[in-house]
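What follows is a set of notes on a single structure, which appears directly below.
Every value quoted in this text rests on a predicted model; they were computed, and no experiment measured them. Below, chain A is the first sequence line, B the second, and so on; all start at residue 1.
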Amino acid sequence: MTAHWLVKSEPGCFSIDDLAASEHGATCWSGVRNYQARNFMRQMQQGDTVLFYHSVTNPAVVGLARVVREAYPDHTAFDPADQHYDPKSSPEKPLWDMVDIQWLETFPRPLPLPLLRQVRGLEEMELLKKGSRLSVMPVSAAAFQRIMELAHQA
DNA sequence: GCCAACGTTGGC
DNA sequence: GCCAACGTTGGC
């Protein structure tokens, strides 16, 4: 059974265009330094679909990707020069994981956060909950369906 | 730019 | 184990 997820990224840092422009449209989703988000990534399976969300600037769900490699150690945590360096993680005892995701599509029209807040049936989405700061979260099959419909409405 | 909400750290 | 202080996220 395919599961559905949502990942957040600041477009100024890494946008869906950056993903699409990556080699094979794929990238490692590194830099996650939150246990809850990490644990969700560990549950991701190859082929799971991933909604791509732009945070901060024009917050919106902007496209779709899929998991092409399941969780493995995030090597950026080992590099003292990396922005996401974490001395508590080492190649011998990795603390943080990442997955690889691949671009599938950029929606013909992005779905802005204020719009999503108005959609009946999405009220329970983690994304829409007050104070939600999770950067990786599960999405129910129903919510996923609804969002895909909205994204492709004429 | 402001600030609310949240997670983490560290003193005790 | 508690909790205050701090840093970060992210909407507005």
Inset, instruction - Evaluate salt bridge (Lys or Arg N to Asp or Glu O under 4.0 Å) for A/Asp74 paired with A/Arg38, printing each intermediate quantity in order. - result: CA-CA 10 Å; A/Asp74 180 347; A/Arg38 181 202 65 182; over 6 Å; no
Inset, instruction - Kindly determine whether A/Thr76 and A/Arg33 satisfy side-chain hydrogen bond (donor to acceptor under 3.5 Å, both in side chains), including the steps that lead there. - result: CA-CA 11 Å; A/Thr76 66; A/Arg33 298 292 180 265; 3.0 Å; yes
Inset, instruction - Take A/Asp17 and A/Ser15 through the side-chain hydrogen bond (donor to acceptor under 3.5 Å, both in side chains) test and state the conclusion after the steps. - result: CA-CA 5 Å; A/Asp17 291 340; A/Ser15 72; 4.6 Å; no
Legend entry - Polar side chain donor-acceptor pair, A/Trp29 to A/Asp100, under 3.5 angstrom: no
Legend entry - Mutual orientation of the aromatic rings belonging to A/His152 and A/Phe107 [parallel < 30°, tilted 30-60°, perpendicular > 60°]: perpendicular
Protein-nucleotides 3-8 of chain C N/O pairs under 3.5 Å:
residue : atom : partner  : partner atom : Å
C/dT8   : O2   : A/Arg133 : NH1          : 2.3

Inset, instruction - Check whether any side-chain heavy atom of A/Ile16 sits under 4.5 Å from a side-chain heavy atom of A/Trp103, and report yes or no. - result: yes
Legend entry - Atom-to-atom span, CG of A/Leu128 to P of C/dG10 - whole angstrom: 14 Å
Legend entry - Ring-face cation of A/Arg146 near A/Phe144 (centre distance under 6.0 Å, axis angle within 45°): no
Legend entry - Sub-4.0 Å heavy-atom contacts from residues 111-127 of chain A onto DNA chain C, ordered by number: A/Leu113, A/Arg117
Inset, instruction - Using atom CG of A/Asn58 as one end and atom P of C/dC12 as the other, report the distance to the nearest whole Å. - result: 12 Å
Inset, instruction - To the nearest Å, give me how far apart CG (A/Leu134) and C1' (C/dT9) are. - result: 11 Å
